[in-house]
Structure formats: structure tokens, C-alpha cells
Amino acid sequence: MTVPVHLRHDETFVLNLGPQHPATHGVLRVKLTMDGEYIVKAEPVLGYIHRMHEKMAENGTFAQFMPNTARMDYLHALAFNHGWALVVERAAGIEVPERAEYIRVITVELNRIASHLLWWAAFLLDLGGFTPLLYAFDDREKIIDLLERVTGSRLTYCYLRFGGVYNDIDDEFIAGTRDFIKRLRGRMPRLYHDLVTHNIILIKRIKDIGFVTAEQCRRYGATGPVARGSGIDYDIRKNEPYSVYPEFDFDVPVFTEGDSMARYMVRMHEMEQSMRIIEQALDKLPGGPVMGKAPKVLKPEAGYYYSAVETARGSLGHRLVCNGDKNPYKLKLRSPTFSNLSLFGEVAEGMLLADALAFMGSLDLVIPEIDR
Amino acid sequence: MDQVVLTNIIYVTIFLIGALLFGFGPIIIVKLLSPSSHTRQTAGRTDQLIECGMEPIGSAWIRFGIIYYLYALIFLAFDVDVLFLFPVAVAYNSPELGLRDFYEILLFVAILSLAIVYAWRKGVFTWEKKTYLHQ
Amino acid sequence: MGLVEQTQAALAELFPEPALPAAPAGEGDQEAPPRQAGVVVTDAARHGSHLDVLCRPDQVVAVARVLDQDGYFLEAISGVDWLDKGQFEVIYDYNRLGGEHCRVTVRALVDRNEPAVPTISGVFPAADWHERETFDFYGIRFQDHPNLIRILLPEDADFHPLRKDYMP
Amino acid sequence: MGEENVPASIVQFAQLDKLLNLGRANSLWPMTFGLACCAIEMMCTGGSRFDISRFGAEVFRPSPRQSDVMIVAGTINKKLELAVKTLYDQMPEPKWVIAMGNCAICGGPFKVKENYNVVEGADKLFPVDVYIPGCPPRPEALLEGIMMLEEKITGKRRWPRVQPG
């Protein structure tokens with residue numbers, strides 16, 4: 001039930017939810033016009049961490065841009081690697097061996113769980129709970145150790161190559177992954193759901209807060225858990241299958257309420273689905289090489305190419321324009337959080353400031369991915 | 001001014017001086033020991049209000065909603081309420097405090113909590129979502 | 001594939017003159033004879049988009065309305081600076097949100113000296129930020145956009161970084 | 001003895017200063033100033049595995065008024081430059097700056113010829129006390145950076161330095 005209010009302009013004041021703020025997960029600034037506790041108008045201001053990725057793409061070769069992809073969304077860096085590798089492989093017509101595809105899916109899904117764990121820790125930190133961060137990071141460190149064995153770095157992975165992956169996974173990685181999944185499945189019902197999800201304080205803070213309708217998602221282009229929380233059954237791994245995803249059976253959690261609780265539950269169930277995918281991929285892992293043959297200097301045919309990949313935050317698109325020489329002529333990165341955040345202004349109007357922060361936490365923002 | 005009153009006065013003054021020292025002591029110590037009164041500047045913005053690194057827009061001296069005033073009133077009512085309950089708490093376990101006194105205290109607290117009931121019915125505690133009709 | 005044909009038919013009425021026979025996919029614009037405005041089916045496995053629409057800048061809003069009725073959503077707006085041909089190109093990517101998958105790429109070419117394209121933020125509010133970003137990087141003015149200011153660069157920046165002739 | 005760039009106080013006793021520096025070194029309150037990828041490694045350091053609270057630095061203060069050290073964890077670009085300088089000004093003395101990650105040291109991966117928007121290094125804005133290389137540096141590197149800052153403040157090293165090899 002909302003209360004219509006007429007407002008004279010001198011009763012409001014402008015507050016900066018500025019670049020340096022614990023709840024903005026980075027340097028997002030929101031200019032809030034406030035009427036006491038209520039937000040009259042919210043206007044996100046971007047660009048405080050704009051790092052010229054697209055200009056660098058035009059001045060470097062295709063392979064030189066791979067490290068950049070990991071520095072945009074560093075929580076799900078492998079999906080960004082995967083998106084960039086996919087669009088260039090399509091453009092240059094490079095074949096990827098079967099085993100490399102499976103390794104890509106395993107590492108991307110592990111990275112997705114790590115990203116959701118960090119979102120979960122940061123979201124509850126925004127709402128005031130500090131202890132969930134400790135055991136969520138404990139689980140996340142297990143994943144980071146596994147991925148560090150294979151990729152060599154902890155956060156900004158540069159693991160994929162055009163035509164395959166950098167190096168092969170060994171039995172210790174496979175055994176470690178199975179142990180990790182058994183451990184997380186054991187902890188999930190007690191630590192994550194009983195202690196936090198059914199906690200009355202959390203339910204009071206995020207239930208019926210920040211309603212996003214399916215039509216709003218479509219008009220603003222919101223994808224990923226934000227859209228799946230409002231009843232839109234859209235997951236690129238299912239709707240626009242790429243790599244070897246069609247060979248695994250996993251279902252896409254969709255909730256219809258559209259409030260912050262729905263988005264929360266979508267991500268919690270997605271962690272479970274990612275574990276199912278990893279197990280099936282480990283069971284069906286074929287042998288063979290991990291690196292297909294790819295020309296040293298890539299000169300893809302001129303033309304327009306687009307690839308979409310499902311990251312933890314939504315659909316990541318690479319719009320690539322090639323004119324035949326060794327540098328990409330133009331690369332536009334369609335980042336999911338850029339569109340997910342654009343509906344913040346419309347939804348946060350009339351909200352209490354504390355609820356607006358809970359709503360922003362449920363959008364799962366990574367600011368360098370917005371500013372690129 | 002017999003001996004007992006004098007010692008009581010001395011106790012109270014010592015207590016008072018201790019409180020003052022405890023209050024102003026750290027301020028003086030910090031003034032002496034902290035590196036310096038001014039801090040190193042790069043943009044000359046030391047005394048600017050903290051607003052996440054940004055220049056605050058407009059001033060915050062505006063008319064606030066009445067609802068915060070009502071919260072202050074309710075707090076005041078119960079603050080005074082506690083003030084009267086202190087002597088009761090001190091004399092609570094003495095034998096002559098009978099059941100009748102207990103009911104008196106209960107009545108006293110009940111009358112004061114009527115303020116809460118009044119505020120509740122006036123809708124002070126409900127924070128509904130508002131939609132703003134922009135002229 | 002009912003959806004691709006259905007969308008192609010819906011878009012076809014906007015382009016009365018018959019489109020050229022479908023140019024084989026992947027062939028660059030330079031070699032092919034300059035393509036007439038029209039709808040071309042492209043190979044999605046390679047190019048990622050099912051339909052490739054080339055239209056004049058003033059038809060952009062009409063195409064956006066047709067796709068809005070069909071339930072598409074705006075994925076991205078990108079600008080391309082064809083320095084040697086003296087043209088800017090604005091690429092709109094539309095996609096289906098759920099259900100059957102079909103991506104439509106709409107391209108509009110604009111002269112490089114005074115680039116002006118009508119805004120579609122009335123039809124898709126998602127375009128508001130994408131257009132501000134394209135203006136920020138290329139200087140393409142989007143006519144009657146509600147608030148066309150820079151989005152990523154500092155407000156007082158006086159250059160457009162992604163133009164091919166810009167080097168700091 | 002460290003603190004050559006921290007201004008002197010009115011009353012100066014040698015032993016008292018040593019005691020004060022020991023207190024300051026063991027309770028460095030960092031300001032939550034995570035900009036980009038290094039912020040995630042800073043959070044991992046705050047987690048329970050690397051546990052920054054062994055050095056008394058786990059109290060991440062959001063407001064500059066209550067923080068001692070500003071850990072610049074990420075890239076500073078031209079739009080954020082004034083905000084960073086404002087935050088540095090608003091911190092009371094004694095204050096220190098740790099430049100964490102290549103971006104804060106020299107612009108890191110974004111120090112390219114077509115760089116139009118990134119400030120190449122935090123020391124262009126204010127004096128930096130400790131540089132931690134890495135992209136992002138491992139949490140152990142951040143802990144080593146804090147130990148180096150403590151050595152700079154007190155002049156003594158708390159842990160024996162780990163010899164390479």
C-alpha cells in the first residue's frame with residue numbers, strides 16, 4: 001500500500017551516496033533527493049572507475065585483450081574470459097577440443113559459486129551481519145585454492161586461450177572439487193539456510209522490498225538473477241546454448257515474486273545447480289588434448305560478431321566488429337550490471353533509504369563492470 | 001556543620017573533580033601528544049563535511065518531518081519514567097516496601113506507556129512506501 | 001523457426017523497396033555492392049544474430065516500435081567509427097527475453113561530420129544510458145534524448161575517446 | 001626511527017613517543033576504500049583465513065575521520081581524483097597511505113599509450129608510505145605491507161623477515 005504525497009521542492013535535500021561508501025561495493029555514486037527517510041529521486045552517477053577497456057581493445061591484438069576481460073568483472077572472471085574466447089573463436093573459426101570445453105564449464109561453474117558466495121557475504125554485510133562473511137569466505141577460499149592450482153592466479157584469471165585452455169586439470173583437482181562439493185552441500189542447509197535464510201531479521205529486511213516487475217525487466221534489459229527473480233525464465237545456458245552446456249541436465253530456478261527475497265533465493269538455488277553441473281561434467285570428462293590448433297596471429301574475417309554468455313550477474317555480450325586485420329576494429333561489452341542498475345532509479349522512488357540499500361545489495365553490483 | 005556532613009561533601013567534591021578530569025583529561029592529553037593541530041592537505045578540504053568524498057549539495061538545514069519529533073517525545077516520556085524508578089530500585093529490597101507499593105509503581109509505568117499507545121494509534125510507527133506526485 | 005520468419009515479415013513492411021538477395025554471410029561491406037536498407041537472415045552460429053537489418057537513421061524508432069510490440073528487449077547500443085568512409089555506425093542489438101531465441105541486429109549509418117540519430121529511449125528506457133555512453137565515446141547526438149550528458153567521462157571532458165583519430 | 005613525514009607534536013619525550021608509536025603501529029585502522037579488484041583481496045585478508053586482525057587492523061572504518069591508514073586498493077581515475085584528495089585531507093594526523101596493487105603504484109595494466117582517464121599512481125596525489133606490487137597482490141602481500149608500515153612507524157620489525165630461496 002503506498003501513500004501518494006504532494007511535495008514542494010524546498011522540503012527535500014540532496015544526499016550523496018557517494019563513491020566511497022561501504023554499501024556500494026566499489027565506487028558507484030547515487031545522487032539521492034531525499035524527503036526525510038524517503039527517496040524522492042535516485043540518480044546513479046557512473047564513471048568513477050572507467051578504465052578504457054574498449055579503447056585498449058582497439059589498440060591491442062586479440063590475445064592481448066584476454067587479461068583485460070578478467071579485470072572488468074573480477075568475481076566471475078572466467079565467464080568473461082569465456083565470452084571473449086567464444087566470440088573470437090566464432091569469428092576466426094577455431095575448433096575447441098572436447099576436453100577443453102568440459103574444463104571450461106567446470107572452472108566457470110566453480111567461479112560462479114565463488115561469485116555467489118562473495119555476493120552473499122557482501123549482501124549480509126550491508127544488512128549488518130558480519131559473521132556470514134567469515135564462513136562464506138572460508139568456503140570461497142577452498143574454491144580459490146582449486147582454481148589457483150589450475151589457472152595460477154586467485155582472482156583475475158587469464159586461463160582461456162583461443163582454441164582451448166592454458167593447462168590441463170589433474171586428478172588432485174578433480175578429487176579436491178568433489179571434496180569441496182561434498183563439504184559445501186553438507187554446510188549449506190545448516191549454516192546458510194537455517195542460520196540466515198530463515199532468520200526473521202533477514203526476512204523482515206528483504207521480503208516485499210524492491211518489487212521489480214517482468215515488464216520493467218524487459219524495458220530496462222535486466223537479465224540474470226534479477227530477471228529470474230521476477231518470473232522471466234531466461235538463462236543463456238538454456239535459451240541460447242553454447243559450449244557443452246546442452247549435455248548437462250540442470251534446471252533454472254525462477255521465482256515470480258520479484259522482491260529482494262526472490263533474487264536472494266534464485267542465487268542460493270543457482271549455487272546448487274552449479275554443483276550439479278560440475279558433478280556431471282566431472283563424471284563425463286573425456287580425454288584428449290586441451291588446446292586446439294589456432295594460428296599464432298589471428299586475422300578473423302571482416303564482419304559483425306556477437307556472443308552472449310551467462311555470468312553470475314546476467315547476460316554478458318561481446319559485440320565485435322572486425323575489418324580483417326590483427327586488432328579488433330570495435331568491441332562493445334554489454335555488461336549485465338549496467339542494465340540491471342538502470343532500473344534502480346525507477347524502483348527506488350518512494351523507498352526508505354535502508355530498504356533502497358537492501359535492494360541495491362540484491363542487484364549484486366560490480367562497479368568496474370558497469371564503468372568498463 | 002558537623003563531621004558527617006563535611007565528609008559527605010568532601011566525597012561528593014572528589015567524585016565531581018574525578019568526573020571532570022575523566023571528561024576533559026583525554027582532550028588535553030590529545031592536544032599535547034597528537035602530532036599537530038593541522039593535517040596535511042592536498043585539496044584544502046579538511047573541514048568539509050563527510051559526504052563520501054563528494055562536495056555536499058545544498059545545506060541540510062531544512063524542515064524535517066514531524067515524525068522525528070514524536071519519537072523524541074516518546075523517548076523523553078520514558079527517560080523521565082526511568083528517572084523516577086531509580087530511587088525505587090535503590091529501596092526495593094528494604095522490608096517496608098509492601099505489595100501496595102509494587103502496584104503503585106506498576107500503575108505509574110502503565111500511565112506513562114499510554115504515550116506509546118497514543119503514538120501507535122496515530123501511526124507514528126508505520127513507515128509506508130510513498131509515491132511522489134511530481135507537480 | 002517460426003519466430004525468425006515472423007519477425008522478418010514484421011520488419012519487412014518497413015522497407016518497401018525489395019531488399020537485395022541475401023548477401024552470403026560473413027562478407028564484409030566493402031566488397032559487396034553497397035547494400036540497400038533491408039532485412040537479411042544471417043547465420044546465427046557464426047555471427048550470433050539471426051536477422052541483420054540495415055536502415056536509415058530516421059527509421060530507427062519505427063524498427064524499435066515494431067520489435068517492442070513483438071516482445072523483444074534492447075540488449076546493447078554500440079557505435080562504430082568508420083574513419084576511412086567518413087561515417088559513424090550505430091548498432092542496436094535486440095533479443096528475446098525467455099522463450100525461443102532470436103537476436104536482431106539493427107544498423108544505421110550516419111555521416112561523420114554532424115552525426116544525429118533519433119533517440120529510442122521513449123520506446124526502451126534501457127536505451128537512455130546506452131545512448132548517453134555512445135554519445136560520450138563518439139559524440140553522436142541523439143535527438144530529443146531526455147538528458148544527453150556524459151555518463152562515464154568527467155563532465156568537463158572535451159574529447160570523444162573512441163574516435164579513431166583521437167589519441168591523448 | 002620512522003615517521004619522517006608525520007609532523008611533530010607539542011610535547012616530545014623519547015620514551016613516550018616510542019610507546020605511542022608502538023600503540024599506533026599495532027592498531028592501524030584502515031579506511032574502507034576498495035576501488036576495484038584489490039578490494040576483493042583486501043576483503044579476503046579481512047576474512048578468517050588470512051586474518052588481518054592479528055595485526056590489529058581489522059577495524060575497517062567507513063569515515064575518514066576515524067581511520068589512520070588509507071589503503072588505496074584499485075585504480076584512481078580522473079573523475080575520482082578530487083574525491084580521493086578530499087578523503088585524504090579529511091583524515092586526521094597521524095595518517096599513512098598504503099598503495100595496494102599495480103594500479104595504485106603506477107597505473108598498472110592501464111598505463112598504456114592511449115590512457116586518457118587513469119591517474120598513473122597514487123603518489124601523484126599524496127605521499128605514499130608503502131607500495132604493495134601485484135595485480136591483485138595476494139593477501140599475504142598486504143599483510144607484509146602492513147608489517148612494513150609497522151616497521152616504518154616503530155623502527156623495529158615484528159616478525160623476522162622471510163629470506164627468499
Side-chain angles (χ1 to χ4, degrees), chain A residues 43-48 50 52 54-55 58-59 86-87 90-91 93 214 216-223 227 231-236 239-241 254 301-308 315 317-324 329-335 338-339 341-343 346 370-372, chain C residues 25-31 42 44-49 52 68 71-82 84 89 91 93 95-103 105 107 123-130 132-134 136-137 147 150-155 157 161-162 164 166-168:
Chain A
E43 179 212 342
V45 179
L46 311 176
Y48 288 99
H50 169 55
M52 318 162 290
E54 288 169 7
K55 183 75 175 174
E58 286 174 9
N59 291 347
L86 209 60
V87 75
R90 278 185 186 166
Q216 246 170 347
C217 281
R218 187 183 75 79
R219 281 173 47 242
Y220 280 95
T223 55
I232 297 175
D233 182 358
Y234 177 67
D235 186 329
I236 296 180
N239 290 75
E240 187 186 341
V254 179
E301 233 171 287
Y304 299 83
Y305 305 97
Y306 191 93
S307 89
S315 105
H318 287 263
R319 160 59 65 193
L320 177 66
V321 178
C322 301
N323 65 349
Y329 190 75
K330 154 69 190 181
L331 174 69
K332 155 82 181 181
L333 293 137
R334 191 262 179 205
S335 84
F338 187 79
S339 305
L341 183 67
S342 56
L343 56 85
E346 188 175 300
I370 297 176
D371 294 350
R372 285 181 306 278
Chain C
E27 193 199 341
D29 274 355
Q30 291 80 356
E31 301 84 11
T42 53
R46 182 127 191 283
H47 287 276
S49 50
D52 180 17
D68 184 25
Y72 281 78
F73 82 101
L74 177 70
E75 239 180 349
I77 297 180
S78 358
V80 186
D81 173 9
W82 298 101
D84 40 20
E89 180 176 12
I91 307 175
D93 286 305
N95 192 358
R96 299 286 301 184
L97 203 54
E100 204 189 331
H101 163 63
C102 163
R103 175 170 290 114
T105 307
R107 298 187 286 118
V123 183
F124 289 102
D128 179 354
W129 279 13
H130 283 287
R132 274 176 64 188
E133 187 197 329
T134 314
D136 195 354
F137 284 159
N147 137 38
R150 289 184 177 272
I151 189 169
L152 289 180
L153 289 178
E155 280 74 17
L162 282 191
K164 286 296 179 186
Y166 171 78
M167 191 49 81

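In what follows, every chain begins at residue 1, and chains take the letters A, B, ... in the order their sequences are listed. Computed from a prediction, not measured in an experiment: that's the story for all the values here.
Heavy atoms closer than 4.5 Å to chain C are found nowhere in Asp235(A), neither backbone nor side chain. At a 4.5 Å heavy-atom cutoff, the contact between Tyr166(C) and chain A is made by backbone and side-chain atoms alike. For chain C, the nearby part of Ala222(A) is the backbone; its heavy atoms alone come within less than 4.5 Å. In this structure, the portion of Arg319(A) lying under 4.5 Å from any heavy atom of chain C is its side chain and not its backbone. Residue Tyr329(A) touches chain C through both its backbone and its side chain, counting heavy-atom pairs closer than 4.5 Å. Of the two parts of Asp233(A), only the backbone, made up of N, CA, C and O, holds a non-hydrogen atom closer than 4.5 Å to a non-hydrogen atom of chain C. For chain C, the nearby part of Ile232(A) is the side chain; its heavy atoms alone come within less than 4.5 Å. Both the backbone and the side chain of Ser342(A) have a heavy atom closer than 4.5 Å to some heavy atom of chain C. Of the two parts of Arg150(C), neither the backbone nor the side chain holds a non-hydrogen atom closer than 4.5 Å to a non-hydrogen atom of chain A. Contact annotation for Ile77(C): only backbone heavy atoms (N, CA, C, O) come within less than 4.5 Å of a heavy atom of chain A. With a 4.5 Å cut-off on non-hydrogen atoms, Leu153(C) touches chain A through its side chain but not through its backbone. Using a 4.5 Å cut-off between heavy atoms, Ala45(C) touches chain A through its backbone atoms (N, CA, C, O) alone. For Asp81(C), the part lying under 4.5 angstrom from a heavy atom of chain A is the backbone only.
Closest non-hydrogen pair, Tyr305(A) versus Arg46(C), comes out as CD2-O, 3.5 Å. The two residues Gly221(A) and Ala126(C) make their nearest non-hydrogen contact at N-CB, 4.2 Å. Here the closest non-hydrogen pair linking Pro161(C) and Lys55(A) is O-NZ, 3.0 Å.
Atom CG of residue Asp371(A) and atom CG of residue Leu152(C) lie 5.5 Å apart, to the nearest 0.5 angstrom. For the atom pair NZ of Lys164(C) and NZ of Lys330(A), the computed distance is 8.5 Å after rounding to the nearest 0.5 Å. Atoms SG and CG, from Cys102(C) and Asn239(A) in turn, are 12.5 Å apart once rounded to the nearest 0.5 Å. Rounded to the nearest 0.5 Å, atoms CD (Glu75(C)) and OG1 (Thr223(A)) are 8.0 Å apart.
Among Gly99(C), Pro154(C), Ser49(C), the residue making the largest number of heavy-atom pairs under 4.5 Å with chain A is Gly99(C). Looking only at heavy-atom pairs under 4.5 Å with chain A, the residue among Val123(C), Asp136(C), Val80(C) that has the most is Val80(C). The residue among His50(A), Arg372(A), Glu346(A), Arg218(A) with the most heavy atom pairs within less than 4.5 Å of chain C is Arg218(A).
Residues Tyr306(A) and Thr105(C) form no side-chain contact, since every pair of their non-hydrogen atoms from C-beta on lies 4.5 Å or further apart. You'll find the side chain of Trp129(C) reaches within 4.5 Å of the side chain of Leu46(A), heavy atoms only.
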Can Phe137(C) and Lys332(A) be said to form a side-chain contact (heavy atoms from CB on, under 4.5 Å), step by step?
CA-CA 11 Å; Phe137(C) 284 159; Lys332(A) 155 82 181 181; over 6 Å; no
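Between Arg334(A) and Asp93(C) there is no salt bridge, since no side-chain nitrogen of the basic residue lies less than 4.0 Å from a carboxylate oxygen of the acidic one.
Residues satisfying the side-chain hydrogen bond (donor to acceptor under 3.5 Å, both in side chains) test with Thr134(C), not counting sequence neighbours, are none. Applying the ring pair (Phe, Tyr, Trp, His ring centres under 6.0 Å) criterion to Phe73(C), with sequence neighbours excluded, gives no partner residue.
For the residue pair Tyr234(A) and Asn95(C), a side-chain donor N or O sits within less than 3.5 Å of a side-chain acceptor on the partner.
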